[in-house]
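The next block holds one structure in the form of structure tokens; read it before the comments.
Everything numeric here is computed off the predicted structure, so don't read it as measured data. By convention in this document, chain letters (A, B, ...) are assigned in the order of the sequence lines, proteins followed by strands, and residues within each chain are numbered from 1. What's counted below: heavy atoms across the whole structure, side chains too, no hydrogens, waters or symmetry copies.
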Protein chains: 2
Amino acid sequence: MSLADVIAGERNEEGIAAAIGVLKQRFGERLNTGASMREQHGHTTTYLPNQQPDAVVFPQSADEVKDIVRICADHKVPIIPFGAGSSLEGQLNAPSGGISIDMVNMNRVLRVNAEDLDCVVEPGITREDLNVHLRDTGLFFPIDPGANASIGGMTATRASGTNAVRYGTMKDNVLSLTVVTADGQEITTGSRAKKSSAGYDLTRLFVGSEGTLGVITSVTLRLYGIPQAITAGVCPFPTVDDAVNTVIMTIQMGIPVARIELLDALSMRATNAHSGLDYPETPALFVEFHGTDAYAAEQAELFGEIAAEFGGGDFMWASEQEERNRLWKARHNAYWSGLQLRPGANGITTDVCVPISRLGECIRETQDDIAETGLIAPIVGHVGDGNFHVLLLIDQNNSDEIGKAEAFAERLSARALSMEGTCTGEHGIGQGKKSILKRELDGAMHPMRRIKAALDPGNIMNPGKIFPPR
Amino acid sequence: MSLADVIAGERNEEGIAAAIGVLKQRFGERLNTGASMREQHGHTTTYLPNQQPDAVVFPQSADEVKDIVRICADHKVPIIPFGAGSSLEGQLNAPSGGISIDMVNMNRVLRVNAEDLDCVVEPGITREDLNVHLRDTGLFFPIDPGANASIGGMTATRASGTNAVRYGTMKDNVLSLTVVTADGQEITTGSRAKKSSAGYDLTRLFVGSEGTLGVITSVTLRLYGIPQAITAGVCPFPTVDDAVNTVIMTIQMGIPVARIELLDALSMRATNAHSGLDYPETPALFVEFHGTDAYAAEQAELFGEIAAEFGGGDFMWASEQEERNRLWKARHNAYWSGLQLRPGANGITTDVCVPISRLGECIRETQDDIAETGLIAPIVGHVGDGNFHVLLLIDQNNSDEIGKAEAFAERLSARALSMEGTCTGEHGIGQGKKSILKRELDGAMHPMRRIKAALDPGNIMNPGKIFPPR
């Protein structure tokens, strides 16, 4: 499928004009049709062209979201929910135009139920702001996809990140949602109970649906006590294989590592250059253990023994927060330092996830593939889950490079599928992976399409995403 | 809503006769229309009347399931998937007649991927048989709903049980499914990757859908390493409140207990009588810790300190398997020993789940309620999740008692909802909780109905379950 197919959409000019007129009356200054505002709300994190919405509206309550959805539904106008703008597969583009609903003002913490280890938030709050809010409760929300994403966006893309290996993904940490569906009704998908067998799991259906089934208006999240002890470590390895074999054995032995991240040699070189560090420029694992003092120490020791078996070199360990932050800086800056490997280049990041027994093979073949393309592309991974990313550094104006990057990403996805994995561990489908999704899910596309049609018969909810043209 | 409404259904006599004819030709002896076979396949675990299917068929492969579904779809005949027959809310009844698909012969372990901590099984295998099969791998499947249920049935009802507090529910432990949908196609809902953001989460949609969206033909499950050390303990408490407060603090402190079960004084009396034990006849907590030797011991000690604060009495501890089994016998036999409190009575078990901060209040009010009804009804609970069961002992032939039990169960569910909980933590809706589900989910019933209609337009998949009459 060509790029054109991925992003093509038809516009309902008349409806869009009419809806904007009504929205303008209803929202005044909070409806913005300025060019730069619209451009910011199109997609900006891939090689996909920026496809702007026709207007951006800033609701302040669920009732306002209902009004927006009803107005758009009346006029058959696309709706694109917008959180922090950090999604990575074109989820925010408006191929058929329409209205971007920016949730920035719906960023309140509605309740913290410390005794139940949960909270209720509006979708626009970012994960960092949530954790600042929680600071005095002794609790935290662990999911960390890297970017300071919004909770609504993380829910919509089924995000995860560095400590999913211990705390799960958004699928595991959303207890319930309120959602405005395409008919303008707000529904509640669950309760605050820790578990339930009451009817279809609508919560999990909306988690990861990328705005194509409704607009999230609040999220009930699980929280966790901040661990008594956190021990972090960095360990260099002779080869990626050695590092990955260490990961595999760690997971197979059931060592409850809270984070276990791979940076390849190129990423380590980038981070040294970018952050003025002097790590060995070989593949490395960044790990973290959470628990009581004795436990974190015990687990770290066990991990150290495994690493040593696979040639892991001198560990750097840290327990105090400041030291840990210093140690993890390389990992946290991996995206930005990676970009510096080719100043001026655009970074396109793609991700796959495979069963852990195939992880070494998958990364090895991917490194060979990168070498053949001649692209610069460091690899970092949430390897405890079998999930890794390739950051492709390309010249956005060079169509040859874009073509190479696209073909590479497609081969990478196909490789993951051939190893019983998935084309995306955490970024979602958006526009970029629609054709490969069809390959991955095959017959299951049919019930997915039926569900989409049943809940959004007018196809106004983020159209042009997830489903490839038939 | 009256009982009659709950269970009413219309029969398609002509279609049923025609489908049985075709199935008989196709399956011969494996299609059974005998009276006792049919009665066994109607529901037998509640006060709901037994509503038999018209025939029971025993497929041996997914292809045979496809044939059965196509034949039934052609003739508009209901399909009721049948596992071990241990569901508790009338899930297996055939209010409109139809064909029960008994999965007993589809009980193979198709693959064990020890290195990836997963396996693929047919739906008819029971959890105990699966664990016997896994014995030599050092792995186990932890979900334990009490009954030796089938994996397919556990998936369909989103089962959990004693160690969900540590290992999650079926929602968390099913990686992927194959399902034959109402159009006779077999779909695969996911991959073996640990996590994915690829499209709608059909896996979680089918988990807990109680056979109303399709027939499960295989289940890919997460497995876990058998812990190095398991420490089990039983601790008596002066009151249920003291026990529950101990649970709340344990969970809030993040102590990773693997099991934490409450038995009330009546249950303890029953178990002493039934199993010839001499536990104190006061409320008790049964706990278990999994981990390394040092860790299990450390956690057990922390728990002991909390219990002591709330008046917890002399602990009995056990680490060796035989001893642990003896200790847990009381818990495992709670259902059977409870029944002996009133010989000849029928046991009706109901469950709710609330946020843990409301658990003490919910159990206290429920005990008062039981006292007022005059019914005998011991309470046991997976209290770490806020989930508990009431075992109502009633005379099945006494309509006054049935009425009391029904009214009690409805009050119990309403109480859970008023405390932001759910009407069922793990038993599902079936026929018994349809009206209360409507109260719980309210507006969300609408998208649920739309999904049902989209995936099963002929309403042949286990009709009469989950959805109340409009």
Check your understanding: Between the side chain of B/E115 and the main-chain N/O of A/S357, is any donor-acceptor distance below 3.5 Å?
Key -> no
Practice item. State which residues pass salt bridge (charged side-chain N to carboxylate O under 4.0 Å, His left out) with A/E426; sequence neighbours excluded, sorted by chain then number. Key: B/K195
**Study point:** Residue-level contacts of residues 438-451 of chain A with chain B, using a heavy-atom cutoff under 4.5 Å
**Key:** A/E440, A/L441, A/G443, A/A444, A/H446, A/P447, A/M448, A/R450, A/I451
Point to revise | B/I466 versus chain A, the contacting section by heavy-atom distance below 4.5 Å | key: side chain
Study note, to complete from the structure: Scanning both residues in full, the closest heavy-atom pair of A/G421 with B/A193 reads CA-CB, 4.1 Å
Review point. Which one of B/S196, B/A294, B/G254 has the most heavy-atom pairs closer than 4.5 Å to chain A?
Key: B/S196
Practice item. Just give me the residue among B/L213, B/V354, B/L175, B/T181 that pairs up with chain A most often, heavy atom to heavy atom, under 4.5 Å. Key: B/L213
Practice item. Look at the rings of B/Y295 and A/Y295 and say which category their plane angle falls in: under 30° parallel, 30 to 60° tilted, over 60° perpendicular. Key: parallel
Check your understanding: What's the shortest heavy-atom distance between A/L437 and B/G199, and which atoms?
Key -> CD1-N, 4.1 Å
Exercise for review: Check whether any side-chain heavy atom of A/D201 lies under 4.5 Å from a side-chain heavy atom of B/R158, and answer yes or no.
Suggested key: yes
Point to revise | For B/S413, side chain to side chain donor-acceptor pair (under 3.5 Å) partners two or more places apart | key: none
Exercise for review: Spell out the residues in residues 162-172 of chain A that have some non-hydrogen atom less than 4.5 Å away from a non-hydrogen atom of chain B, in order of number; otherwise answer 'none'.
Suggested key: A/A164, A/T169, A/K171, A/D172
Practice item. Determine whether more than 12 heavy atoms belonging to other residues, nucleotides or ligands lie under 6.0 Å from atom CD of B/E301. Key: no
Review point. When rounded to the nearest 0.5 angstrom, what distance separates OG in A/S176 from CD in B/E420?
Key: 10.0 Å
Point to revise | Residue A/L117 versus chain B: region with a heavy atom under 4.5 Å | key: side chain
Check your understanding: Using non-hydrogen atoms only, which part of B/I251 is less than 4.5 Å away from chain A: side chain, backbone, both, or neither?
Key -> both
**Study point:** Side chain, backbone, both or neither of A/I356 within contact of chain B (heavy atoms, under 4.5 Å)
**Key:** both
Check your understanding: Which atoms of A/S209 come close to chain B, meaning under 4.5 Å heavy atom to heavy atom: side chain ones, backbone ones, both, or neither?
Key -> both
**Study point:** Contact class of B/Q299 relative to chain A, heavy atoms under 4.5 angstrom
**Key:** side chain
Practice item. Measure distances from B/K452 to the heavy atoms of chain A and classify the residue's part below 4.5 Å as side chain, backbone, both or neither. Key: both
Check your understanding: Would the A/F467 and B/Y200 ring centres measure less than 6.0 Å apart?
Key -> yes
Practice item. Under 4.5 Å heavy-atom distance to chain A, tell me which part of B/T212 shows up: side chain, backbone, both or neither. Key: both
Review point. Picking from B/C423, B/C353, B/G225, B/G386, which has the most non-hydrogen pairs under 4.5 angstrom with chain A?
Key: B/C353
Practice item. Enter the distance from B/T422:OG1 to A/R192:CZ here, rounded to the nearest 0.5 Å. Key: 13.0 Å
Review point. What is the distance from atom OG of A/S197 to atom CG of B/N387, rounded to the nearest 0.5 Å?
Key: 8.5 Å
Check your understanding: Hey, are the side chains of B/E298 and A/T292 touching, using non-hydrogen atoms and a 4.5 Å cut-off?
Key -> yes
Point to revise | A/E210 versus chain B, the contacting section by heavy-atom distance below 4.5 Å | key: side chain
Check your understanding: What is the distance from atom CG of A/L202 to atom CZ of B/R204, rounded to the nearest 0.5 Å?
Key -> 14.5 Å
Point to revise | Segment of B/T188 engaging chain A (4.5 angstrom heavy-atom cut-off) | key: backbone
